[in-house]
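Here is the naming used below: chain letters follow the sequence lines, and residue numbers restart at 1 for every chain.
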Protein chains: 2
Amino acid sequence: MARRINTAAIDGIIGYRLRRAQMAVFNRFSKAFADVGITPTEYSLLALVRDNPGLRPSQVAAALGVQRANFVALAVRLEARTLIERRSAVDDGRSHVLFLTAAGAELTQTLQIMQDSFEASLVAELGGAEQRERLLRLLTKLG
Amino acid sequence: MARRINTAAIDGIIGYRLRRAQMAVFNRFSKAFADVGITPTEYSLLALVRDNPGLRPSQVAAALGVQRANFVALAVRLEARTLIERRSAVDDGRSHVLFLTAAGAELTQTLQIMQDSFEASLVAELGGAEQRERLLRLLTKLG
DNA sequence: TATTGTTATACTCTATAACTATA
DNA sequence: TATAGTTATAGAGTATAACAATA
């Protein structure tokens with residue numbers, strides 16, 4: 001029942017190809033990080049808080065490109081795992097400030113190593129660091 | 001309340017950047033196609049059936065990268081709008097074959113023009129056709 | 001009035017298992 | 001037994017509106 005399918009019309013669509021590539025990379029990330037139970041967005045959040053201790057939720061949400069409202073569940077999940085900590089902001093009674101816990105810092109260090117390794121495998125597929133820079137530069141123009 | 005945020009840790013992550021670029025492109029597609037009420041996946045489906053009349057649902061689903069189960073609602077939606085038609089396959093009682101209706105063919109022609117224009121705007125942002133080819137080639141390596 | 005975190009809600013996308021009818 | 005379409009379901013992701021506390 002095999003049949004040659006003409007996919008020319010969709011092969012050239014940038015949005016479609018972005019979706020396919022993103023799905024593929026995301027699925028591979030999920031497998032690589034299944035043991036630690038961390039999603040790509042969760043890792044990004046941890047790395048962001050690590051590099052910017054005391055950041056406010058709305059700032060992290062904006063930096064990650066997720067809605068404030070949707071950030072809540074994400075933060076609650078990581079706080080329940082005692083990986084991050086939310087304290088009241090001293091200068092603004094409405095706001096919070098985020099920090100990694102000791103456990104969060106330790107896990108993030110491990111995740112960083114895993115991520116570096118994962119990223120290296122992608123770079124190898126792309127054909128080297130220059131190709132990766134080229135890809136990132138092109139993606140930036142679309143964002 | 002502005003604060004300089006260090007996003008170095010996530011700016012270099014291919015998967016993260018893919019997600020951001022894909023979100024940006026899809027949002028812009030949605031706006032551009034809001035009047036006709038067609039999503040990116042729906043357009044891909046229509047173009048695929050147009051170029052491969054008589055294709056079976058499972059083949060279209062596989063070509064688009066969606067699960068067979070999730071393809072059903074998609075096909076039902078387009079059939080309810082009388083854009084596609086599902087007929088029983090003569091050689092296999094289990095299977096169907098897909099075709100565009102006259103209305104579907106007409107709409108797809110309009111969509112093709114809109115899509116070409118939309119794609120051209122993306123290519124312009126990328127910096128030309130060579131850059132687009134470069135991007136697609138890199139994305140293929142990840143898929 | 002405006003903003004921050006939050007709740008509630010809805011809609012989409014995706015994945016998996018299981019059913020039915022055919023093969 | 002295997003496959004095609006389908007149903008059901010659950011889990012994420014995303015978007016919008018609205019609220020309480022605070023600015």
### Query
Who passes side chain to side chain contact (heavy atoms under 4.5 Å, CB included) against B:Ser30, sequence neighbours left out?
none
### Message
Taking any heavy-atom pair under 4.0 Å as a contact, classify A:Ala89: base, sugar-phosphate, or nothing.
### Response
nothing
### Query
Do any pairs count as a ring-ring contact (aromatic ring centres under 6.0 Å, His included) and have a residue in residues 107-143 of chain A, sequence neighbours left out, and if so which ones?
A:Phe29-A:Phe118
### Message
If I take atom CD in residue A:Gln22 and atom C1' in nucleotide D:dT14, what distance separates them, rounded to the nearest angstrom?
### Response
13 Å
Below 3.5 Å, can you tabulate the donor-acceptor pairs from side chains in residues 66-75 of chain A to any protein atom, sequence neighbours excluded?
none

### Query
Is the shortest side-chain N/O distance from B:Ser58 to OP1 or OP2 of D:dG5 below 4.0 Å?
yes
### Task
Answer yes when A:Arg81 and A:Glu79 have at least one side-chain N-carboxylate O distance shorter than 4.0 Å, and no when they do not.
no
### Query
Of the nucleotides C:dT4, D:dT6, D:dA4, which has the atom closest to the B:Val72 side chain?
D:dT6
### Message
Output the rounded distance in Å from CZ (B:Phe71) to P (D:dT3).
### Response
20 Å
Can you pull every protein N or O that's under 3.5 Å from an N or O on nucleotides 9-14 of chain C?
residue, atom, partner, partner atom, Å
C:dT14, OP1, A:Arg19, NE, 3.3

### Message
In this structure, how many angstroms lie between the P atom of D:dG13 and the CG atom of A:Leu64, rounded?
### Response
12 Å
## Note on the structure
note: B:Arg86, atom CZ; D:dA4, atom P; distance rounded to Å ~ 16 Å
## Note on the structure
Ranking D:dA4, C:dG5, D:dA8 by distance to the side chain of A:Arg56, first place goes to C:dG5
### Pair B:Arg87 + B:Glu85: basic N to acidic O under 4.0 Å
yes
### Message
Expressed as a whole number of angstroms, how long is the span from A:Leu45:CG to D:dG13:C1'?
### Response
15 Å
### Query
Once you round it to whole Å, what is the distance between P of D:dA4 and CD of B:Gln59?
9 Å
### Message
Strictly distance-based, threshold 3.5 Å: is any side-chain N or O of A:Thr7 a donor or acceptor partner for the main-chain N or O of A:Ile10?
### Response
no
### Query
Below 4.0 angstrom, N of the basic side chain to O of the carboxylate: do A:Arg28 and A:Glu125 qualify?
yes
### Task
In whole angstrom, give the distance that lies between atom CG of B:Leu98 and atom C1' of D:dT6.
14 Å
### Summary
Note: with side-chain heavy atoms under 4.5 Å as the link, the other cluster members for A:Val97 come out as A:Phe99
### Summary
Counting primed atoms, P, OP1 and OP2 as sugar-phosphate and everything else as base, the B/S/- map of nucleotides 18-23 of chain C against protein heavy atoms under 4.0 Å is ---BBS
### side-chain hydrogen bond (donor to acceptor under 3.5 Å, both in side chains) assessment of B:Gln109 paired with B:Arg50
CA-CA 10 Å; B:Gln109 202 168 3; B:Arg50 175 198 60 195; over 6 Å; no
